[in-house]
Amino acid sequence: MLHDRSLEESATVFSEPAISITKLNHYYGHGSLRKQVLFDINLQIQRGEIVIMTGPSGSGKTTLLTLMGSLRSIQSGSLKILGNELLNASKAQMTLTRRNIGYIFQAHNLLNFLTAYQNVEMALETQDVTAQAADCRIQDILMAVGLEERMHSYPSDLSGGQKQRVAIARALVSQPQIILADEPTAALDKKSGRDVVEIMEKLAKEQGCTILLVTHDNRILDLADRIITWKMDA
Ligand code: ADP
Ligand code: MG
């Protein structure tokens with residue numbers, strides 16, 4: 001019986017969207033300084049979808065990404081990641097949710113005292129993989145982003161596009177179900193910006209991963225399955 005029930009439960013969870021948001025509000029500050037930045041957001045993103053979100057600066061896109069990424073607590077409304085509710089979630093549940101998510105930020109956030117290989121390796125430290133399997137995965141993913149020659153280089157010896165490709169490798173090496181990317185091409189020139197998103201898209205498609213990418217970069221809009229244009233509410 002127990003076995004049947006758990007199967008049923010996992011089937012239910014599997015059919016849920018990757019991200020499901022209902023009436024989400026968010027506020028910063030307290031008392032007279034309290035300021036609302038998200039207003040009754042409703043949004044569903046299906047598994048495997050590649051969604052690009054654009055909108056004015058200050059409209060709350062990064063805030064929304066940090067809430068989806070389980071990096072910040074939900075205050076009101078509902079936000080489900082892979083069927084799991086984050087409103088009132090415990091620290092442990094939030095940590096578990098984070099394991100299904102890869103993040104790519106505007107600034108690549110690589111550690112300068114670690115090589116490309118070691119930066120990617122860090123993302124596997126919380127995962128249950130043997131050292132040998134980890135080594136294979138790190139080499140494969142660095143090859144996939146075209147950095148086979150640069151595996152043992154430090155960030156200071158890499159170009160902007162190369163550093164962002166290490167960041168992509170780091171986000172994807174744990175084979176997350178969802179990638180959240182916050183203006184990943186902002187620091188890159190046209191060509192490397194597009195290259196970086198194309199690599200990300202290709203790898204994510206191979207892994208069946210869902211992507212939500214925030215950008216101001218009009219040149220990559222055609223890579224999306226769906227474009228969400230954010231308006232300023234306040
Ligand atoms: P976007 O990414 O669309 O530019 P943000 O989510 O960064 O928007 O910011 C939305 C609003 O919330 C802005 O007015 C910003 O100043 C404010 N804000 C963002 N982060 C914080 C914070 N940690 N504390 C207080 N206000 C914040
Ligand atoms: Mg932002």
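Every number for a ligand or one of its atoms is a count from 1 in the order of the listing. Numbering starts at 1 and runs along the sequence shown.
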Query raised in the report: Near the Mg ion (ligand 2), which protein N/O/S atoms fall under 2.8 Å?
Result: T62 OG1
Query raised in the report: Would the H152 and Y154 ring centres measure less than 6.0 Å apart?
Result: no
Query raised in the report: Got T54 and H216 here, is their nearest side-chain heavy-atom distance under 4.5 Å?
Result: no
Query raised in the report: Once you round to the nearest 0.5 Å, how far does OG of S174 lie from CD of Q207?
Result: 8.5 Å
Report task. Look at the rings of F105 and Y103 and say which category their plane angle falls in: under 30° parallel, 30 to 60° tilted, over 60° perpendicular. Result -> parallel
Query raised in the report: When you check the gap from the basic side-chain N to the acidic O, do R219 and D217 get nearer than 4.0 Å?
Result: yes
Query raised in the report: So, for A181 and M200, which heavy atoms are closest and what is the spacing to 0.1 Å?
Result: CB-CE, 3.8 Å
Query raised in the report: At a non-hydrogen distance cut-off of under 4.0 Å, which region of V37 contacts ligand 1 (side chain, backbone, both, or neither)?
Result: side chain
Requested in this report: Identify whether the distance between the nearest side-chain nitrogen and carboxylate oxygen of E198 and K202 falls below 4.0 Å.
Outcome: no
**Report entry** Heavy atom of the protein closest to atom 8 (O) of ligand 1 (residue, atom name, distance)
**Finding:** G60 N, 3.0 Å
Report task. Calculate, to the nearest 0.5 Å, the distance between atoms CZ and CG belonging to R226 and L212 respectively. Result -> 9.5 Å
Report summary line: In this structure, CD1 of I81 is separated from CG of L96 (nearest 0.5 Å) by 13.5 Å
Query - Top protein contact for atom 7 (O) of ligand 1, by heavy-atom distance - result: T62 CB, 3.7 Å
Query - D135 side, atom CG; Y117 side, atom OH - distance, nearest 0.5 Å - result: 3.5 Å
**Report entry** P56: numbered ligand 1 atoms lying under 4.0 Å from its heavy atoms
**Finding:** 3 (O)
Query raised in the report: Any idea which atoms of ligand 1 are less than 4.0 Å away from a heavy-atom of S59?
Result: 1 (P), 3 (O), 8 (O)
Query - Identity and distance of the protein heavy atom lying nearest atom 4 (O) of ligand 1 - result: G58 N, 2.7 Å
Report summary line: the protein heavy atom lying closest to atom 9 (O) of ligand 1 turns out to be T63 OG1, 4.0 Å
Query raised in the report: Salt-bridged, R194 to D222, with N to O below 4.0 Å?
Result: yes
Query raised in the report: Is G29 near ligand 1, meaning one of its heavy atoms is under 4.0 Å from it?
Result: no
Requested in this report: Pick, from R72, K35, H26, the option with the minimum heavy-atom distance to atom 16 (O) of ligand 1.
Outcome: K35
Report task. Carefully, step by step, assess R170 and M122 under the rule side-chain contact (heavy atoms from CB on, under 4.5 Å). Result -> CA-CA 8 Å; R170 184 183 53 183; M122 277 193 59; 5.6 Å; no
Query - For atom 24 (N) of ligand 1, closest protein heavy-atom neighbour - result: Y28 CD2, 3.5 Å
Report summary line: Closest to atom 3 (O) of ligand 1 among protein heavy atoms sits K61 NZ, 2.7 Å
Requested in this report: Answer yes or no for G55: is there a heavy-atom contact with ligand 1 below 4.0 Å?
Outcome: no
